[in-house]
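What follows is a short report on a single structure.
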There are 2 protein chains.
Amino acid sequence: MRGPRPEPAEEPPDREWEQDLLLAAAYVSDAQYNRNVPFETSPRAIRLYYFYNHWTLRVATYVFICVDLSLALFEEPALFPLPFLATSIVEVLCLTAFFGRLVHFAKVTPQMVFWKDTKNICILVTIALTLLDLIIYGSLEAVQIRGIRWSRAFRPVFLINFPESRQIRRALRSLRNTLPDILYVFLLFMFSVLIFSLMALKLFGDRGLKTAEGSPYLTNILEIAFELYVLVTTANSPDVMMPAYDFNRWYSLYFIAYIIINTYIFMSVFLAVVYNNYRKHLKNEIRKLVYLKRHKMMEAFKILKVKVGTEFVVREAEWKRLARMVVPDISSSHLELLWRISDEGQKGHVDRMNFLRLADLLNIQVVTVNIRKHPLEAWAPRVYQSSASLFVQRMVRHRAFVWVYDVIILVNAVFIALDERSLFISRAEWFFLCLYVAEILLKLYTYEPRAYLGRKQFWNWFDILIIIAALVATVANATIQSARRYNSQQVLDIVLILRILRLLRVIVSIQRFRVIVTTLVNIGPTVLTFAGLVFVVYYAFAIVGMEVFQGKVRFFDPNFTSPDALVCGNPALRGSAFARARYCKNNFNDLASAFLLLTELTVVNQWHVIAGGFALATHQAAKLYFIFFHVVVVILIVNIFIAFILEAFFVAYSLEKSELETVIEKKIQELGVGIQEEEEQDKKPTDNVGSKDGGSSGGDGDHGGAAAKGLYCRIASNKYRTVDALLQRMFESEIAPDEEDPSLDEILSFSPSDMYVKNPNFENSA
Amino acid sequence: MRGPRPEPAEEPPDREWEQDLLLAAAYVSDAQYNRNVPFETSPRAIRLYYFYNHWTLRVATYVFICVDLSLALFEEPALFPLPFLATSIVEVLCLTAFFGRLVHFAKVTPQMVFWKDTKNICILVTIALTLLDLIIYGSLEAVQIRGIRWSRAFRPVFLINFPESRQIRRALRSLRNTLPDILYVFLLFMFSVLIFSLMALKLFGDRGLKTAEGSPYLTNILEIAFELYVLVTTANSPDVMMPAYDFNRWYSLYFIAYIIINTYIFMSVFLAVVYNNYRKHLKNEIRKLVYLKRHKMMEAFKILKVKVGTEFVVREAEWKRLARMVVPDISSSHLELLWRISDEGQKGHVDRMNFLRLADLLNIQVVTVNIRKHPLEAWAPRVYQSSASLFVQRMVRHRAFVWVYDVIILVNAVFIALDERSLFISRAEWFFLCLYVAEILLKLYTYEPRAYLGRKQFWNWFDILIIIAALVATVANATIQSARRYNSQQVLDIVLILRILRLLRVIVSIQRFRVIVTTLVNIGPTVLTFAGLVFVVYYAFAIVGMEVFQGKVRFFDPNFTSPDALVCGNPALRGSAFARARYCKNNFNDLASAFLLLTELTVVNQWHVIAGGFALATHQAAKLYFIFFHVVVVILIVNIFIAFILEAFFVAYSLEKSELETVIEKKIQELGVGIQEEEEQDKKPTDNVGSKDGGSSGGDGDHGGAAAKGLYCRIASNKYRTVDALLQRMFESEIAPDEEDPSLDEILSFSPSDMYVKNPNFENSA
């Protein structure tokens, strides 16, 4: 199961080649025919364009964005305080870098396009505002007046608006598009909460009931509305009901009705509306993207086409120059393969349809498999092929080997759970470590090491890294311990965690688990988009929260015996639920604390206690901040997150391999350079189980090839393909090849409502 | 907006006619040709079948089921105690009734089919077990030993297994089908919780930390696992983190990782798996149903067919006899219409395709619209048509009339929020009541009363009922008050609630709100399925809980000063979070309390406090009961509920009118009896806005027709159509009309995996 896999020789990432191809086409043709193209194609302009897209500049931009965002750590209220002068100089530096990047972008983009793009305007405005704010704050500082650095909340604008963060922007757009639809549901929901608040006021207001803490129960309409809003999040259930329920059992019906209507129905409707909009707009975005891609490829085709017979085609020479220009380091065999796939009739030229496929072809990871002998075999063939050596190899390849190690891992788990202070247990730990190291060495002995440690052998790498890290940490800990006679807390913590993470290896052995984990890993990259989105929203909220609430709640060390320690340094909190629950460390006194507090608010539970605490510490209106956060993060973003996970799962379930790849695979088979899968089937029988599993593993096309000899081409696994790419493929197959293409303007103004559903059939809605 | 609509003359409910048609076909043909049909078709057998389906017997069965289930209210621990003898006699009576019903069913069903059906076996076994339990318990009772009435937990079996509860059964089946898939995710999830538990033990176990209550923090592996499971439900966030966070801020990373992986990712995956299975199995069930329907209709066709020319057809005489037999009260005009739709070429017979449509045709609600004059116009035309009267009518029909009343309602809301003990406010209440009554009278004056109060005029009925109820209750309250000088609490509560519910009328005025509410109302009937499912699960859990936990926790009146009152009558609870939160009334001491407690557990928040309380009061193992409840209800049932709401919303969004209805509408237009919609467009311009709204109103086909005169046919609105029916229609349109029909056995053994997705296109997954 943890068998070796062939090493992938090259792995171009999934990227959009269209723009590059279009420019290259202009360049190639310019040099030859000097045709008229609608943009500047001087060698200098194209070099400038490539330079703009160079990875060093991209990385530099991200570094500056990170520096700019992390400034909040050093500004008042700071985790590591720095003087205003230092932070402001760094900020101006960052702004300059952003401005420079923007100017560069303007140079490589037509004027019209540049100024029509709101992204660029956003960046410019934010730079201007930040400078203004810096000047105002600096001058106020100079005359000893404490100003507010309000522009800091806009810093995420840089993160969002640089062209590299397309995913985050799309998530934000999806959010914005959902707003109008959700607004009406939200208003209806608020109306329902208000109606119920009025009822609660009338039913319970005059009863003279008391809560468990002895305060009056539901007497004020604003307080009732807040309590009922909290009940929607279930955070104060069942406490808010208990006094009424104790008084009369029938009053519980009121609360049950409220929970069914507002918590269950309305919250599900929010999810449904968000999900529906997400799907609708996702489809539209993908459609736009696909058409835009086609449009650019068509332009490139128009530039390069020559008339042969009755049809326009692109000749082999131009085609190859184009490909080489766009991917300078493409191997000849790879290029030849792509050409033979494109030029179906071997006529020496490609027609429009086949030319359009070029961008996709470049994205398909054709891996040149180098099947090598084990180095030991090459170095000492006699020893390696001896019967004892072969026996060891057979043993390691046997299923029982995996099972034995699974048992060892489970026994190890029991030992970990036991008290490690006993000498026997700590000795056993060394024993287990030796066993694991032995396993890895045996495997490296049996399988070809470069194949075993191939770039895509996620689980093998996981094994090795965990073991090496555990080994290093355990040795380090033992050294420190014997040298200074004490355990370093940090090192020990790391050792402990690594020791436990080793247990995860059991997952690898159970196929069903592996499938689920693989699906989760596939979703991973796009989940990071949401991490970006959440970061942007958190950052803005954290900055606002820090300005408003800094220093209102303070944490004292438990050993510190100040009378203020129990009320978080704020007498207004005396007797409050916030102080009683010891929430003092949940505060806005620096960026890290603020982020953690916002995380707690996202988890929802006890958010009303936190909101109540800060409201007591400052003003009742502070609750609005927390309600607003709840609406934005929990009702909108978390629901989009759930919608995304659902969609990603469905796509992963419903699709195995895209059509185009199957075409290429067929071609590879035809050209006789494919790997005969049957040949190795018997060697590693468990390796292919994944792909039988309804595609939920994302179609594990990663069949081993260590046994045969020679040079082979192979389609790399689409395991790490994103949901996005899958959706694009699916939509592409829907466009009729000879369909009339919409114009660029039409494409840019596509809206989800004009996406005509021809014949709503059973499949698509059930 | 609250304008009048024509009165529907007849409204057959959506039901399955196939079985009836098949039997009737056999009967009709038997009388004439005496053919050989594969089941008994003697007039007696058919009469027995109709009697079995008669509504009185159905209602009687439900009454017996209700009585049987409600016995738990009267048995120990009882809300209203009755002696064992009384309850057991009633139970035996119910069992006899169930047995009788089953015998009746056996009589009208072929032997083979009856015994192959697990439903019938289930009922028989449950009856036997219940009798056994009754005998054992009775004999133990006789010798003064307290037994356990374990069979009570099986009572919901009767509710589930009678053929009438098809919906609940399907939901349960969908649950059962999801289990295998969800099991692996659940195991992986538990594995992840255990790994994290081990880490927590190692990281925090030896630190000597204390919780806010001063108890040791995360020292025992079982306790840690429970706390971490609770953290998945977010119920103890952030409390469980605070001690570690206070100790060292970096430990918060552990909890954040835990929450992201287990709370967000795994819970979303549960939803995705449940949803995916729900869709898959829903499709399969619908497919089965559709094919079964076709199969039965084909059988009926085979029985009735005669050869005319080259093809087999059914002649008009038989067709009409069949329809009349199945729907004895069908009007001649309706039958004639259906015939003319079926017999497209007016040949005097229908072919196979058109015959198959009969079951659907019978389901379509063709409404004979009777457009009448206003009774006042008929009675005193001069006065009613006078200029003053016409002015009043124009005024009422004007939009401003609605706006004025919306303002009045909002002013009323403000008055309600104010203190009603002031004399001015209570007088104002009468004033508002008068205004509302005046509104209704004016509307009745303007619109035709029978149309205004048509059976489907949901909002008009809502208006009138609320106002009349408020009027009656207010008058009753005033009478009691003036007669006895005190307010009756119950009456006053009702008056208050009715007064506030009046505010809901604002929703009616705002189109967007109305659309959302209509969609919610459409979903309503199927949501009741879930109410049934939840009831079944609650009932079983409540019975078990009552047997295990009765009397362990008791509630004392707040005025009662026993020292036990604060610890819920159980000294083990002293100092527990359960007693501190005053949760004593959350107990299992009778069915009503148990149901409420289970509702609180479903809402999740504080469930660990309740579980902890009962664990203290009995044994730590009691927590397993609560964890099991959480897994079943929250992870499975609530997710299915959400999946259902999502699906229902998407179906409602994606479909407006089914094809078949459009065909009939066209036919009605052709036959010249349709209502000219344009005619009335100008009269009530706002009435049609709903249908423009992307079908989210469920296709409001309910166009008014009070203006014109005469008798019209009209397709009734499909507003109240269920999601189920919509899905069936959609699937039907997918089956090719001349497709080879699968055999009955094949149909019954359809499984979702053999549903071949021909060409997974973009629409169905994005």
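Predicted model only: the values in this text are computed from it and were never measured. A note on names: the letters A, B, ... follow the listed sequences, proteins ahead of strands, and every chain is numbered from 1.
Annotation: the span from B/Met199 atom CE to B/Phe196 atom CZ amounts to 5.5 Å, rounded to 0.5 Å. Interatomic distance, A/Ser192 OG to A/Leu187 CG, rounded to the nearest 0.5 Å: 12.0 Å. Of the inter-residue distances, the one linking B/Ile645 atom CD1 with A/Phe270 atom CZ reads 13.0 Å to the nearest 0.5 angstrom.
Across all non-hydrogen atoms, the minimal contact from B/Ala413 to A/Leu198 is O-CD1, 4.3 Å. Residues A/Leu646 and B/Ala272 approach most closely at CD2-CA, 3.3 Å, considering heavy atoms. For the residue pair A/Ser237 and A/Leu231, the shortest heavy atom distance occurs at CB-CD1, 3.7 Å.
Neither the backbone nor the side chain of A/Tyr278 comes within contact range of chain B, judged by heavy atoms closer than 4.5 Å. Only the side chain of A/Ile259 comes within less than 4.5 Å of a heavy atom of chain B; its backbone N, CA, C and O stay farther away. Both the backbone and the side chain of B/Leu503 come within contact range of chain A, each with at least one heavy atom under 4.5 Å from a heavy atom of that chain. Residue A/Val604: no heavy atom, backbone or side chain, is found under 4.5 Å from chain B. Proximity to chain B is limited to the side chain of A/Met242, based on heavy atoms less than 4.5 angstrom apart. For A/Leu596, the part lying near chain B is the side chain, with the backbone staying farther off; criterion is any non-hydrogen pair under 4.5 Å. With a 4.5 Å cut-off on non-hydrogen atoms, A/Val609 does not touch chain B at all. Contacts between A/Ser593 and chain B at a heavy-atom distance below 4.5 Å involve backbone atoms as well as side-chain atoms. For chain B, no part of A/Ile260 is nearby; none of its heavy atoms comes within less than 4.5 Å. For a residue to count as touching a neighbouring chain, one of its non-hydrogen atoms must lie under 4.5 Å from one of that chain's; by this rule A/Leu188 touches chain B with backbone and side chain alike. When heavy atoms are compared at a cutoff of 4.5 Å, A/Leu194 does not approach chain B at all. For chain B, no part of A/Thr233 is nearby; none of its heavy atoms comes within less than 4.5 Å. Looking at A/Ile195, the atoms closer than 4.5 Å to chain B (heavy atoms on both sides) sit in the backbone and in the side chain alike. For a residue to count as touching a neighbouring chain, one of its non-hydrogen atoms must lie under 4.5 Å from one of that chain's; by this rule A/Phe191 touches chain B with the side chain only. Using a 4.5 Å cut-off between heavy atoms, A/Phe555 contacts chain B through its side chain alone, with no backbone atom that close.
A cation-pi contact, defined as under 6.0 Å to the ring centre and within 45° of the axis, is absent between B/Arg249 and B/Tyr251.
Ranked by heavy-atom pairs under 4.5 Å with chain A, the first of B/Trp250, B/Tyr583, B/Phe641, B/Tyr254 is B/Tyr583. Heavy-atom pairs under 4.5 Å with chain A were tallied for B/Lys210, B/Glu600, B/Met241, B/Met267; the largest tally goes to B/Glu600. When the candidates A/Thr599, A/Ile265, A/Ile610, A/Leu271 are compared by the number of heavy-atom contacts under 4.5 Å with chain B, A/Leu271 comes out ahead. Contact count versus chain B (heavy atoms, under 4.5 Å) is highest, among A/Pro243, A/Cys584, A/Ala235, for A/Ala235. Interface remark: of the candidates B/Thr263, B/Ile497, B/Ile642, B/Ile497 forms the most heavy-atom pairs closer than 4.5 Å to chain A. Among B/Leu501, B/Val517, B/Thr211, B/Thr602, the residue with the largest count of heavy-atom pairs under 4.5 Å with chain A is B/Thr602. Interface check for chain A: of the options B/Ile221, B/Leu201, B/Asp239, the most heavy-atom pairs under 4.5 Å are formed by B/Asp239. Looking only at heavy-atom pairs under 4.5 Å with chain A, the residue among B/Trp607, B/Tyr245, B/Tyr275 that has the most is B/Tyr245.
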| query | Given the rule in the side chain to side chain contact (heavy atoms under 4.5 Å, CB included) test, do A/Lys280 and A/Asn277 qualify, once you have shown the distances and angles that lead to the verdict? | reply | CA-CA 5 Å; A/Lys280 222 167 60 182; A/Asn277 270 281; 3.9 Å; yes
| request: Tell me, with the steps shown, if A/Asn236 and B/Asn605 meet side chain to side chain contact (heavy atoms under 4.5 Å, CB included). | output: CA-CA 7 Å; A/Asn236 60 355; B/Asn605 198 55; 5.6 Å; no
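Side-chain contact annotation: A/Arg279 with A/Asn276, donor-acceptor N/O pair under 3.5 Å absent.
Proximity of the aromatic rings of A/Phe204 and A/Phe255 is defined here by a centroid distance below 6.0 angstrom, and this criterion is met.
More than 12 heavy atoms of other shown residues, nucleotides or ligands fall within 6.0 angstrom of atom CZ in A/Phe513.
The backbone N or O of B/Leu597 lies less than 3.5 Å from no partner atom in the side chain of B/Asn586, so there is not a single donor-acceptor pair.
Partners of B/Arg580 by side chain to side chain donor-acceptor pair (under 3.5 Å), not counting sequence neighbours: none found.
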